[in-house]
Asker: 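Dumping the structure here so I can ask a few things about it.
Lettering follows sequence order; numbering is per chain, from 1. Side chains are part of it too, since the values below use all heavy atoms of this structure and drop only hydrogens, waters and symmetry mates.
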Amino acid sequence: MRGIEEKWRRKWAGAGVYEPKAGKGKKKYITAAFPYPNSPQHVGHGRTYTTADIYARYWRLRGYNVLFPMAFHVTGTPILGMAKRLREGDPELLSVFENIYGISRETAETLTEPEALVMHFSREIEEGMKEIGYGVDWRRKFYTFDRHFNKFVQWQFRKLRQKGYVVKGTHRVAWCPSDSNVVSAHDTQGDVDPEIEEVAGIKFRFGDGWLVAATYRPETVYGVTNLWVDPKERYVKVAKGEEILYVSEKAAKMLSLQFHLDILGKVDGVDLVGKEAEEPYGRKIPILPAGFVDAGQGTGVVMSVPAHAPYDYLALRDLGMFGKLGPIVMLSYPGMRPGSVPAGEIVERMGIGGQNDPKAEDATKELYKIEAHTGIMGIGEFKGMKVLEAKEKVKVRLVGEGKAFVFYLLAKGPVFCRCGAQVGVKMVEDQWFLDYGDEGWKAAVREWIGKMDVMPEAVRKDYLATVDWLKEKACTRASGLGTPFPFDKSKIIEPLSDSTAYMAFYTIAHLLRDADPEELDEEFFDYVFLGLGKGRKEWEPMRKEFLYWYPLDSRHSGGDLVRNHLPFFVFNHVALFPEEHLPRQIATNGFVMMEGKKMSKSFGNILPLRKAVREYGADVVRFSVVAGADLAQDTNFERSVAEGVRGRLEHILSLLEYADADGNGRMEKWLKSRMSRRLIALPSLYEGLEMRALAQNVFYEVMHDLQWYLKRAERPKLKWFFENWAVIVSPFMPHVAEEIWHSLGKKGFVVDAKFPECSEGMVDAGLEMGEGLVGMVRYDVEKISERIGAKPKKVFVYVPAAWKFDAYGLMREKKALRDLIEWGKGSGVDMAEVSKFGKGLMSRVHSLPDVLPAEGEYGALRDAAGFLSAELGAEVVVRREEEGGHAKAGNAMPGKPAIVLE
RNA sequence: GCAGGGGUGGCGGAGCCUGGAAAACGCGCAGGGCUUAGAACCCUGUGGCCUAGCGCCUACGCAGGUUCAAAUCCUGCCCCCUGCACCA
């Protein structure tokens, strides 16, 4: 198999089959998301590319000029970390390289620079793509750190800025103060996702300044009875602008990432205890000690609402002060007993001992859920309003009155960086954004998504939902490979922002090989991509190339890009190009699992693409990664299935010996009829990328047909079959198809052949029904033999009486016994029989299937009598019910002949 | 919390949009064929019961409803998966 594959790949390449010329006839331009070369590809990566390649190959067969290019996305930071770890000789990574990627230590030691690393994996991936037979136009290959490409991206950002879509502002990120770096989930201890949440810091007048309590429930300020501090912690007096605040020392450290704070002095928590503070509406409340206060979260000060917060209730009870202070019940909800204290009730119900009882956390969550979602405010300006709405109103009001300020902290905190330091929330100044929150831009994007083809269609909703919640996207990073940001060259454009319009760049990439990147200025790209300005003579070919290939006809990627890359891609196209150059279609697919499990390094179950190709052959791998499930679903790569595919393929190739002849007998007509059905159905299946149905129609069901044909035909004549099958299967299995094509003595390549035209006229439903009948009779006879435990010597098959066919047709049409009885009166048939027949059909009168006419049924069975005799090892006699001879003959129904065994 | 998707045999999954004989196709398993043997391949079977097949019964997360007819349409409930960003 491998020899065959390599032979055809070489011939295709030699003939430049996949290097289309612009400007000739109808075209299809198809791209798949370019790979990030930080590892070799596994079979999972193969799914998207194979899907796109199949799609591209289908359109070639339909006579389109098809462009399917590929490049490498080397932008990003992970590759920097990987190079660093290689430099340091990280044993874990070296082991992954050796055991999973198959890269020797000696080679790994040469890959300590990011550039060397990406080039190594790019070559590896490119080789793999060639080996699996993707019809890529490699002349257009580029890397996203190429200077030509950098110029293109910078042009793109200039255009976006001219439209006001590139903006500058502050931005909050999870931040490690020790590393001075942005922290994401894989940088934290325990891989905690550092989720940023907004909280209200409510100010309580205290001495010369304010004690600040952080809360998610600002609306409960009306129920506050006291403040909590941790007596064992140290607190600090700080200046935030004009204001003087008191917070815990640990909290101050975290807050200083968000605000400029000057530390003025220190005070021990225990010294705060017993003092008084004033809540925003003037009530004096005491400051009390509590053990549950976490000085590292929020501000280290907690406002106490004992009626609605189990912790506050418990801490107050632990102090023996419950009842002396409040409680103030400030909201109610359906099902709450009048006069009850919700926090007290839940604490009693759950039998919670004190503030250190772990169950207190569950009680808090449960009560919060009820109160936040169903609660109604009972006191204050917002009395009668839903808690859910009041929450926001109270916050805005307090902030407006200077009695609170908004800040951010990490949910589920405290979160720790791998280096050990506590992670905080930092406000980054001078951050550049792409303003995907711009309503005008969004509206245009929504409109275009409405017009585009989306496959699978169900995903359209996801795109629209994503567009709705998209807002400013930080588009630069401090480091990494890629394109320098044109308005601040010290920054690099981050990977999801430099990969949104590169499909346009492919159209000219091969013509820029020898160009000086410095000459690729705004004027150049304006002319080539937008037709602006006068242009120069030497730019003409590129302008033509772009105008020919654009718009992009189909974009392919994994479903994981639906929430980021793909909407960005639409946003950027909408911003840059006129409507006639906007993408026409997006197709996304699910993941590939390995033997039912997610592929991952830790499971050690990653099957590299090139290894799979070596083991099973390119065509088998291509088929296996796409045919197992519909586009949207996750699919499963199973070795047993791949082996099954390979086995069937070998079987089918062994039938090539029968490809020397054509025939026009009953069974050849039958096979042509079956195939014609598929040929007629296939275009819409290919165009809709209905992978599961395609797999059935070009492979599995074709096998079934062949098996029946081989059983029924005297001497197989498969020339016509192979001539057509080679073409329709070639998108999935181009190498095998090419081999068949040439063994038939065909000229040219099958990958360039014309998709077989087929007319309805070649479908013979009657013939197929007849064969169905033959199969059914065989099945029934075997069933009966089994039941009576004896092989028959003679089998009588009775075709029903002619009148039954008329009666059946009448029942199908009228669906009423009365009409049949009327008909029976004039037919001369015994009325008892007519009535019995009709009653038998009544229960399923709404779903009677189409059947052959009497002569057709008789003819089909008579023709197959010899075959049935041989199969059943008994003489088979086909008779008409009218001929009589056996009592059971009367049981015959259209589509269900009576059978008598002797 | 918000958004999106999903519950069908031993398993992966068709069927749902557009109601009309659920389980296509594959995997696994069982029996048989071909082989010195094996692998591969081929054939047959695979919810239960049965008055020889053409038959009956039971099944599509749970509970209702609409209909001559519901896996499919409607209502309520239960459970599961994915995403929530600056990152590939």
Side-chain angles (χ1 to χ4, degrees), chain A residues 33 35-36 38-39 73 75-79 171 173-174 182 184-186 193 195-197 369 372-373 388 411 428 431 433-434 436 457-459 461-466 468-477 494-497 499 559-565 568 590-591 593 596 627-630 632-636 638-641 643-648 650-651 654 692-693 695-697 699-701 703-704 707 710-711 776-777 779-790 792 815 840 842-849 871 888 891-893 895-901:
Chain A
Y36 185 68
N38 68 339
S39 68
H73 195 200
T75 311
T77 49
I79 208 87
H171 182 49
V173 292
V182 178
S184 54
H186 58 268
D193 183 31
E195 193 184 331
I196 296 170
E197 284 184 334
K369 204 167 181 177
H373 290 265
L388 213 52
V428 177
Q431 175 64 54
F433 298 92
L434 283 170
Y436 294 136
E457 176 59 38
V459 181
K461 265 193 256 170
D462 286 282
Y463 289 119
L464 293 171
T466 306
D468 281 343
W469 65 255
L470 272 174
K471 42 183 191 267
E472 299 89 355
K473 156 102 181 93
C475 62
T476 61
R477 304 208 78 180
E494 66 83 38
L496 284 172
S497 300
S499 56
D560 51 332
L561 301 188
V562 169
R563 283 118 200 145
N564 45 52
H565 164 74
F568 298 163
F591 291 110
M593 310 211 286
D630 269 323
Q633 257 110 30
D634 289 350
T635 188
N636 198 4
E638 286 183 87
R639 290 182 178 276
S640 54
V641 174
E643 277 158 17
V645 172
R646 181 170 57 188
R648 282 178 183 78
E650 279 163 6
H651 178 61
S654 75
R692 196 68 204 190
Q696 302 288 347
N697 273 285
F699 196 63
Y700 291 115
E701 286 178 8
M703 294 294 298
H704 280 217
Q707 279 156 3
L710 291 170
K711 202 182 268 224
M776 194 182 83
V777 167
Y779 175 86
D780 285 349
V781 171
E782 280 174 354
K783 268 274 140 121
I784 301 167
S785 306
E786 211 174 277
R787 181 142 309 280
I788 61 178
K815 305 184 198 307
M842 271 317 283
S843 65
R844 54 199 176 98
V845 72
H846 292 282
S847 54
L848 291 174
E871 281 281 305
K888 283 192 185 289
N891 291 346
M893 299 285 271
K896 278 173 184 155
I899 295 166
V900 180
L901 305 194

Asker: Provide, to the nearest angstrom, the distance between the CG atom belonging to A:Asp634 and the P atom belonging to B:C81.
Answerer: 14 Å
Asker: What's the closest nucleotide to the A:Ser640 side chain, out of B:A52, B:C27, B:G53?
Answerer: B:C27
Asker: With both distances under 3.5 angstrom, what nucleotide forms a Watson-Crick or G-U wobble pair with B:G1?
Answerer: B:C84
Asker: The side chain of A:Gln707 lies closest to which of these nucleotides: B:A85, B:C43, B:G26?
Answerer: B:C43
Asker: Quick check on B:A24: is either OP1 or OP2 less than 4.0 Å from any side-chain nitrogen or oxygen of A:Gln696?
Answerer: no
Asker: Heavy-atom nearest nucleotide on RNA chain B for A:Ala465 versus A:Tyr436: which residue maps closer to 5'?
Answerer: A:Ala465
Asker: Which nucleotide sits closest to the side chain of A:Arg563: B:G83, B:C43, B:C41?
Answerer: B:G83
Asker: When rounded to the nearest Å, what value does the distance between C1' atoms of B:A21 and B:U75 take?
Answerer: 29 Å
Asker: Taking atom C1' in both B:G83 and B:C29, compute the distance separating them and give it to the nearest angstrom.
Answerer: 39 Å
Asker: Might you point out which heavy atoms bring A:Ser654 and A:His651 nearest each other, and give the distance in Å?
Answerer: OG-O, 2.5 Å
Asker: Among the nucleotides B:G53, B:G26, B:A88, which one has an atom lying closest to any side-chain atom of A:Glu494?
Answerer: B:A88
Asker: Say you pick atom P in B:C27 and the same atom in B:G45; how far apart are they, in whole Å?
Answerer: 16 Å
Asker: A:Lys461 near the nucleic acid: base, sugar-phosphate alone, or nothing, with a heavy-atom cut-off under 4.0 Å?
Answerer: sugar-phosphate
Asker: So which nucleotide from B:A52, B:A40, B:G26 ends up closest to the side chain of A:Glu650?
Answerer: B:A40
Asker: For A:Arg648 and B:C42, give me the distance from atom CZ to atom C1', rounded to whole Å.
Answerer: 12 Å
Asker: If only side-chain N and O atoms of A:His704 are considered, is one of them under 4.0 Å from the OP1 or OP2 phosphate oxygen of B:G26?
Answerer: yes
Asker: Check whether any side-chain N or O of A:Asn38 sits under 3.5 Å from a backbone N or O of A:Ile79 as a donor-acceptor pair, and report yes or no.
Answerer: no
Asker: Between A:Thr75 and A:Ser499, does the side chain to side chain contact (heavy atoms under 4.5 Å, CB included) criterion hold? Intermediate values first, please.
Answerer: CA-CA 9 Å; A:Thr75 311; A:Ser499 56; over 6 Å; no
Asker: What's the closest nucleotide to the A:Val641 side chain, out of B:A88, B:G53, B:G26?
Answerer: B:G26
Asker: For B:G38, which nucleotide is its Watson-Crick or G-U wobble mate, given both distances must be under 3.5 Å?
Answerer: none
Asker: Within the 4.0 Å heavy-atom criterion, would you say A:Gln431 contacts the bases, only the backbone, or no part of the nucleic acid?
Answerer: nothing
Asker: Looking at A:Lys711, does any N or O in its side chain come under 4.0 Å of the phosphate oxygens OP1/OP2 on B:C43?
Answerer: no
Asker: Nearest to the A:Trp469 side chain among B:C42, B:G53, B:A85, which nucleotide is it?
Answerer: B:A85
Asker: Taking atom types as they are modelled, is there a donor-acceptor pair under 3.5 Å from the base of B:C25 to the side chain of A:Arg692?
Answerer: yes
Asker: For the side chain of A:Glu701, starting at C-beta, report the closest nucleotide among B:A52, B:A24, B:C86.
Answerer: B:A24
Asker: Pairing check on B:G19: which nucleotide meets the Watson-Crick or G-U wobble criteria with it, both distances under 3.5 Å?
Answerer: none
Asker: Mind checking A:Tyr779 for me? I need base, sugar-phosphate or nothing, with any heavy atom below 4.0 Å counting as a touch.
Answerer: sugar-phosphate
Asker: Hey, does A:Asp462 reach any base, or is it just sugar-phosphate, or nothing, if we go heavy atoms under 4.0 Å?
Answerer: sugar-phosphate
Asker: From the options B:C42, B:C27, B:C54, select the nucleotide whose nearest atom is closest to the side chain of A:Glu638.
Answerer: B:C27
Asker: According to the Watson-Crick and G-U wobble definitions, with both distances under 3.5 Å, which nucleotide is paired to B:C60?
Answerer: none
Asker: Is there a donor-acceptor pair closer than 3.5 Å between any side-chain N or O of A:Glu494 and the backbone N or O of A:Leu496?
Answerer: yes
Asker: For B:C73, which nucleotide is its Watson-Crick or G-U wobble mate, given both distances must be under 3.5 Å?
Answerer: B:G65
Asker: Tell which nucleotide pairs with B:G45, taking only Watson-Crick or G-U wobble pairs whose two distances are both under 3.5 angstrom.
Answerer: B:C29
Asker: Could you check if a side-chain atom of A:Phe433 sits within less than 4.5 angstrom of a side-chain atom of A:Lys471, using non-hydrogen atoms only?
Answerer: no
Asker: With C1' as the reference atom in both, quote the distance from B:C17 to B:A70 in angstrom, rounded to an integer.
Answerer: 15 Å
Asker: Measuring from the side chain of A:Pro495 (C-beta onward, heavy atoms only), which nucleotide among B:A52, B:C86, B:A88 has the closest atom?
Answerer: B:A88
